[in-house]
Number of protein chains: 2
Amino acid sequence: MRTKTPTAPLSRAELVSLSNDIRLACMRISRRVRFESDREMPPHRFSVLCRLESTPRTNSELADIERVSAPSMKRTTNTLVELGYIARADDPTDGRQVILSLTPEGRRAVKRVRKQRDEWMLSRFEHLTDEERELLQRAADVLAKVASE
Amino acid sequence: MRTKTPTAPLSRAELVSLSNDIRLACMRISRRVRFESDREMPPHRFSVLCRLESTPRTNSELADIERVSAPSMKRTTNTLVELGYIARADDPTDGRQVILSLTPEGRRAVKRVRKQRDEWMLSRFEHLTDEERELLQRAADVLAKVASE
DNA sequence: TATTGTTATACTCTATAACTATA
DNA sequence: TATAGTTATAGAGTATAACAATA
């Protein structure tokens with residue numbers, strides 16, 4: 001809650017500049033999170049595991065969600081089956097469908113990668129002041145809003 | 001410029017949670033900027049053009065900066081030469097080296113993609129309040145610090 | 001016949017190893 | 001001989017088109 005003079009709305013030029021700053025910072029952070037935190041799990045594999053975390057899905061559903069072709073998703077899920085991270089099961093009501101779900105090992109892998117990424121972020125926060133951290137905490141909701149709309 | 005009670009430092013649990021929130025927001029924003037703003041310029045090509053913006057470089061230098069192999073970078077730069085975005089020139093002092101630099105068209109392409117990406121971000125800002133924008137402006141410096149260290 | 005899953009084939013970007021030319 | 005650039009080849013991801021099996 002600010003008590004001084006209410007800030008004047010940002011000018012058009014300031015908004016353009018802000019847009020550039022926020023975009024660059026997010027892209028750089030994102031790049032470093034991916035490149036420096038997990039070395040064994042490529043992004044597309046990890047993304048599929050996350051999609052299966054809440055509920056089992058078919059290959060086609062995953063292809064739709066990730067916006068890749070069914071054959072392409074098929075290759076990714078095949079690899080994940082070979083790695084023991086997901087399991088296949090026939091749909092009892094529709095013989096054409098195959099249900100994919102996380103194995104316990106797959107669930108552990110998701111947690112492990114998330115932890116690595118968060119630890120990388122956390123290590124960045126060590127160099128910030130308490131005020132800067134508090135500022136980030138309030139900005140997090142706004143960033144989430146920007147990302148989701 | 002806060003006047004109320006100075007905020008207590010964030011607890012360990014709050015920091016872990018914040019780390020997760022900021023990471024996810026940045027990754028989602030980054031993903032949408034790439035997927036939704038420019039459809040013709042793949043990320044690795046754009047990145048190379050940006051590296052040549054300030055100064056000409058050799059293929060090997062670019063490979064080192066982008067952390068890919070020299071042959072891989074060679075393919076990317078070949079494509080960019082074919083597209084007319086970069087030009088090759090023999091080094092006058094060392095006949096083994098080839099200097100790569102942006103053409104005027106390449107420079108325009110960089111500006112065009114940046115503008116598209118910023119416009120996407122800008123359109124996201126329309127749904128924010130003035131207070132939220134002002135908060136983001138102050139957070140931008142902190143995010144840049146997180147990304148750069 | 002319509003739909004789901006799979007296979008066949010090809011294109012792109014990645015890499016390592018080998019070759020060519022210059023210092 | 002060392003180094004910069006390039007070429008050869010292979011691996012992993014993407015795609016579209018065609019095929020097989022089930023509803």
Side-chain angles (χ1 to χ4, degrees), chain A residues 30-31 34-36 38-52 55-101 109 113, chain B residues 27 30-32 34-36 38-52 55-101 109 113:
Chain A
S30 174
R31 181 182 172 92
R34 278 185 296 113
F35 274 77
E36 300 188 22
D38 44 81
R39 48 220 169 278
E40 66 179 40
M41 178 84 72
H44 66 285
R45 281 190 206 157
F46 182 63
S47 191
V48 166
L49 292 186
C50 289
R51 301 298 186 183
L52 293 176
T55 179
R57 302 177 193 273
T58 66
N59 191 78
S60 296
E61 284 171 345
L62 288 171
D64 283 346
I65 293 171
E66 296 290 329
R67 300 197 195 178
V68 297
S69 66
S72 183
M73 180 54 70
K74 171 84 176 143
R75 289 187 57 166
T76 300
T77 54
N78 277 353
T79 304
L80 288 169
V81 168
E82 285 166 22
L83 289 169
Y85 291 154
I86 66 178
R88 318 169 59 108
D90 291 334
D91 186 323
T93 67
D94 186 338
R96 296 172 303 180
Q97 299 209 23
V98 178
I99 310 292
L100 303 170
S101 60
V113 172
Chain B
M27 295 189 80
S30 174
R31 181 183 171 92
R32 296 195 60 182
R34 277 185 296 113
F35 274 78
E36 300 187 22
D38 44 82
R39 47 219 168 282
E40 66 178 41
M41 179 84 73
H44 65 286
R45 280 190 208 158
F46 183 64
S47 191
V48 167
L49 292 185
C50 289
R51 302 297 186 182
L52 293 176
T55 179
R57 301 178 194 273
T58 67
N59 191 78
S60 296
E61 284 171 346
L62 288 171
D64 283 347
I65 292 171
E66 296 290 329
R67 300 197 195 178
V68 297
S69 66
S72 183
M73 179 54 70
K74 170 83 177 145
R75 287 191 59 167
T76 300
T77 53
N78 277 353
T79 304
L80 288 169
V81 168
E82 284 166 21
L83 289 169
Y85 291 155
I86 66 179
R88 318 170 58 109
D90 290 335
D91 186 324
T93 67
D94 186 338
R96 295 172 304 180
Q97 299 208 23
V98 177
I99 310 290
L100 303 170
S101 59
V113 172

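Below, chains carry the letters A, B, ... as their sequence lines are ordered, and counting in each starts from 1.
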Counting only non-hydrogen atoms, which of residues 73-82 of chain A are less than 4.0 Å from DNA chain C? A/Lys74
For the helix from C/dT1-D/dA23 to C/dA23-D/dT1, figure out the bend between the end axes, five pairs an end, and round to 10 degrees. 10°
When the distance from CE of A/Met41 to C1' of D/dA12 is rounded to whole Å, what number comes out? 16 Å
Reading nucleotides 17-23 of chain D from the 5' end, what letters show protein touch, with B for base, S for backbone sugar-phosphate only, - for no heavy atom under 4.0 Å? B----BS
List the residues meeting side chain to side chain contact (heavy atoms under 4.5 Å, CB included) with B/Leu62, not counting sequence neighbours, and say none if there are none. B/Val48, B/Arg51, B/Leu52, B/Arg57, B/Met73, B/Thr77, B/Leu100
Using a cut-off of strictly less than 4.0 Å, decide whether A/Ser69 has a side-chain nitrogen or oxygen near OP1 or OP2 of D/dT16. no
For residues B/Val68 and B/His44, determine if any side-chain heavy atom of one lies less than 4.5 Å from a side-chain heavy atom of the other. no
First and last nt of DNA chain C near chain B, cut-off under 4.0 Å to heavy atoms, 5' to 3', are C/dC13 to C/dA23
Rounded to the nearest 0.5 Å, what's the gap from CZ on A/Arg67 to CD1 on A/Ile65? Could you check? 11.0 Å
Grab the two heavy atoms, one from A/Ala109 and one from A/Met41, that are nearest each other, plus how far apart they are. CB-CE, 4.1 Å
B/Asn78: which residues meet the side chain to side chain contact (heavy atoms under 4.5 Å, CB included) condition with it, sequence neighbours left out? B/Lys74, B/Arg88
Contact list for DNA chain C against residues 56-67 of chain B - heavy-atom distance below 4.0 Å: B/Arg67
Go through the structure and list residues passing side chain to side chain donor-acceptor pair (under 3.5 Å) with B/Thr55, not counting sequence neighbours. none
In Å and rounded to the nearest 0.5 Å, what is the OG1 to CD1 distance from A/Thr93 to A/Ile99? 7.5 Å
Got a sec, which residues hit salt bridge (Lys or Arg N to Asp or Glu O under 4.0 Å) with A/Asp94, two or more places apart in sequence or on another chain? A/Arg96
Any residue meeting side chain to side chain contact (heavy atoms under 4.5 Å, CB included) with A/Ser30, in chain and number order, not counting sequence neighbours: A/Arg34, B/Met27, B/Ser30
Backbone N/O of B/Ala70 and side chain of B/Asn59: donor-acceptor pair under 3.5 Å: yes
Quick one: salt bridge (Lys or Arg N to Asp or Glu O under 4.0 Å) partners of A/Arg31, sequence neighbours excluded? B/Glu66
List in chain and number order the residues that pass side chain to side chain contact (heavy atoms under 4.5 Å, CB included) with B/Ser69, two or more places apart in sequence or in another chain; answer none if no residue qualifies. B/Pro71, B/Ser72
